[in-house]
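Structure, as structure tokens:
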Amino acid sequence: MLLYNTKTRKKEEFIPLEEGKLKLYACGPTVYNYFHIGNARAFLFFDVVRRYFEYLGYEVSYVQNITDIDDKIIEQAIAENTDFKTIADKYSEAFLEDTDALGIKRPHFQPRATEVMPQIIALIHDLQQKGFAYEVEGDVYFDTAALPEYGSLSGKQIEDQKAGARVAENIQKKHPADFTLWKKSKPGEPVWDSPWGEGRPGWHTECVVMSQHHLGQSFDIHGGGIDLVFPHHENENAQALALSGKPLARYWMHNGFLNMEGEKMSKSLDNFITARDILKQYDAEAIRFFFLSKHYRSPIDFNRELIIESDKAVDNFYKALAGIGMDSLDENPVSSPEILAHEESFQDSMNDDFNTAKAIATLFELANITRSANNELPLRQDAAKMLLKLGRTLGFFKDPEKRLTEEIPDLSKALVEMMLNYRNDARERKDWALADKIRNDLLALGIEIKDSPEGSTWNMRK
RNA sequence: GGCGACAUAGCCAAGCGGUAAGGCAGAGGUCUGCAAAAUCUCCAUCCCCGGUUCAAAUCCGGGUGUCGCCUCCA
């Protein structure tokens, strides 16, 4: 399998540290607000990474942190007139609800920064002992000049960063690139005790602590949004290198941004839509399809029409499954060579740095085989089984039965049947005007009628 | 100032040297009272200019345009 490694800026063959196992870490949210659909892209993508490795038979350990102490959380607490803990709890819970709703499987471990405070302090202390950190009046900074490899992940020369960069002056720092490990608290802020006095940790240390705790000193893949390459991941990696001489992770994967009408979506630009809001309007699998229809490293432009198109596309899969009848599918493995060849091309696509757009094309080919009445039934059933298997690897088909059999009350069902009878009476009298009126009126209610030689059927139209 | 990405049909999007996947939308045929569904068929030479090559959307050089990182940020 080839993965694009941000560190080397090229695709590399993936070789796990331990055969058959994947140790994966992806940066989670800072819980100070509902996350937006740009964030959702990252969560969704690494969910697919995890699912695909599982599909390949790997034993996966997936860790995602929840940052529950941070300046922005404190700000939000002031804005909502409460304490930071209340805010963190509220939005952590919302985060879990929304990722569940998006069909994202929960990572195996979701540690929180405040749960690992002693380890964070120990790590900073260790850095200081080794000469990579210095204290200035209760604040502790990482000394980037002490680490020759600093910049090796993001490909930055620290010297180049001065001209034109919007660097806020901090007279305490020895070098502008030095970053905060421990931050002295101001009055009224939440505090933890430390060798440097009361304060709270900087953002970059918690991920090192949490990832190494669950995955070991050095692990396979570290991921996140492209904006995290610098400084966040550079700084994480710097701490790991300073401590052990080993990089934190061997492969660094970063997803591209979601843009709003060509402009970056971000909380600070105030042009964001929360995942929570979008889920109220559109199906989770349509949102998933929208993201997966483009390669994860490319920027993607958000647009409601595209979500609607995506919804239609997903519906295509379901129509194929409905056509074959889910209950007609047995447990036997797929044996048709033609269908197995499709599985291979699916894997080829995914093995090429997660080319989900191409993998989806294979899903459509399977859907077409499934629905085509020209094919023999066993072939169609094999295609349907493969469609389900591969679709689930991408996170689709969470509950096909439910989606295919819309639940509506019995009384409504009876009323629809009644209208159908009236309409059929009209049709026998060749009263086409009335028949069409009934059909149109039902359609306006979302009920779609299909006439066939065997009689009329109806279904709810999404 | 430094670093980087991208430009393919009406729209979205693969493709990474051998003559343009897939989806949405659209057109036509079959079927149908009509429609829907199903089914068959059709729909691009790849931003511009130069170069390398038997062969380029794919490589090189130069343009133009869009975007991102260097500050909290997925």
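Here is how names work: the chains are called A, B, and so on, in the same order as the sequence lines, proteins then strands, and each is numbered from 1.
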Would you mind classifying the nucleic acid contact of A:Arg304 as base, sugar-phosphate or nothing, using non-hydrogen atoms under 4.0 angstrom?
nothing
Roughly how far, to the nearest 0.5 Å, is the CG atom of A:Asp382 from the CG atom of A:Leu340?
7.5 Å
Would you kindly check whether a donor in the side chain of A:Asp451 faces an acceptor in the base of B:C34, or vice versa, at under 3.5 angstrom?
yes
Would you mind telling me which of B:A74, B:C72, B:A36 lies closest to the side-chain atoms of A:Glu448?
B:A36
A:Leu306 CG to B:A25 P, in whole Å, measures 13 Å
Determine whether A:Glu189 and A:Phe84 make a side-chain contact, defined as any pair of heavy atoms from C-beta on separated by less than 4.5 Å.
no
Counting only side-chain N and O atoms of A:Asn316, is one of them less than 4.0 Å from OP1 or OP2 of B:C24?
yes
Is any N or O donor-acceptor pair between the side chain of A:Asp436 and the base of B:G33 shorter than 3.5 Å?
yes
Starting at atom CG of A:Asp431, determine the distance to atom P of B:A35, rounded to an integer number of angstrom.
18 Å
What does A:Leu363 touch in the nucleic acid at a heavy-atom separation under 4.0 angstrom: a base, only the sugar-phosphate, or nothing?
nothing
With the side chain of A:Phe364 defined as its heavy atoms from C-beta on, choose the nearest nucleotide among B:G23, B:G15, B:A74.
B:G23
Hey, what's the ring geometry for A:Phe179 with A:His204, parallel, tilted or perpendicular (30° and 60° as the breaks)?
perpendicular
Ring-on-base stacking between A:Phe257 and B:A74, under 5.5 Å between centres and under 30° between planes: is it there?
no
Hey, which sits more toward the 5' end of RNA chain B by its nearest nucleotide, A:Asn255 or A:Trp432?
A:Trp432
Could you give the CD1-to-C1' distance, from A:Ile300 to B:G68, as a whole number of Å?
15 Å
A:Arg297 atom CZ is separated from B:G68 atom C1', nearest whole Å, by 14 Å
Out of B:C3, B:G23, B:C73, which has the shortest distance to the side chain of A:Arg9?
B:C3
Distance col, row A:Phe142:CZ vs A:His175:NE2, nearest 0.5 angstrom, shows 12.5 Å
Say you draw a straight line from OH of A:Tyr251 to CZ of A:Phe219; how long is it, rounded to the nearest 0.5 Å?
13.5 Å
Side-chain contact check for A:Asn259: nearest option of B:G4, B:C69, B:C67 is B:C67
Given that both distances must come in under 3.5 Å, which nucleotide forms a Watson-Crick or G-U wobble pair with B:A57?
none
If B:A5 has a Watson-Crick or G-U wobble mate with both distances under 3.5 Å, name it; if not, just say none.
B:U66
Consider the side chain of A:Lys294, meaning its heavy atoms from C-beta on, and name the nucleotide among B:G2, B:A21, B:A14 that approaches it most closely.
B:A14
State whether A:Arg371 places a side-chain N or O below 4.0 Å from either non-bridging phosphate oxygen (OP1 or OP2) of B:A38.
yes
Proximity to the side chain of A:Lys156 - top-ranked nucleotide from B:C12, B:C69, B:G23:
B:C69
Counting Watson-Crick and G-U wobble pairs only, both distances under 3.5 Å, name the nucleotide matched with B:G33, or none.
none
Let's see if you can work this out: which of B:C12, B:C34, B:A74 has an atom nearest to the side-chain heavy atoms of A:Arg439?
B:C34
Under a 4.5 Å cut-off applied to non-hydrogen side-chain atoms, are A:His108 and A:Arg50 in contact?
yes
Would you indicate, yes or no, if B:G23 has its OP1 or OP2 atom less than 4.0 angstrom from a side-chain nitrogen or oxygen of A:Asn368?
yes
Output yes when at least one side-chain N/O atom of A:Asn355 is less than 4.0 Å from OP1 or OP2 of B:G15, else no.
yes
Watson-Crick/G-U partner (both atom distances under 3.5 Å) of B:C42
B:G26
Of the nucleotides B:C34, B:A21, B:A74, which one has an atom closest to the side chain of A:Ala361?
B:A21
Could you tell me how far B:A21 sits from B:A38 if I compare only their C1' atoms? Round to whole Å.
24 Å
Examine the base of B:A74 for any acceptor or donor lying under 3.5 Å from a partner atom in the side chain of A:Arg41, and report the outcome as yes or no.
no
For the side chain of A:Phe230, starting at C-beta, report the closest nucleotide among B:C69, B:C73, B:A14.
B:C69
Specify the separation, in whole Å, of atom CG of A:Asn303 and atom P of B:A25.
15 Å
Please tell me which of the listed nucleotides, B:G23, B:C70, B:C72, lies nearest to the side chain of A:Trp203?
B:C72
Would you call the rings of A:Phe95 and A:Phe43 parallel, tilted or perpendicular, where under 30° means parallel and over 60° means perpendicular?
perpendicular
How do A:Tyr4 and A:Gly256 order along RNA chain B: which one's closest nucleotide is nearer the 5' end?
A:Tyr4
Given that both distances must come in under 3.5 Å, which nucleotide forms a Watson-Crick or G-U wobble pair with B:U19?
none
Of A:His232, A:Lys7, A:Glu234, the residue whose pairing with A:Ser154 passes side-chain hydrogen bond (donor to acceptor under 3.5 Å, both in side chains):
A:Glu234
Taking CD1 from A:Ile73 and P from B:C72, how many angstroms apart are they, rounded to a whole number?
16 Å
Under 4.0 Å from OP1 or OP2 of B:A25: is there any side-chain N or O of A:Lys312 that close?
yes
Base, sugar-phosphate, or nothing: which does A:Gly38 touch, judged by heavy atoms less than 4.0 Å apart?
base
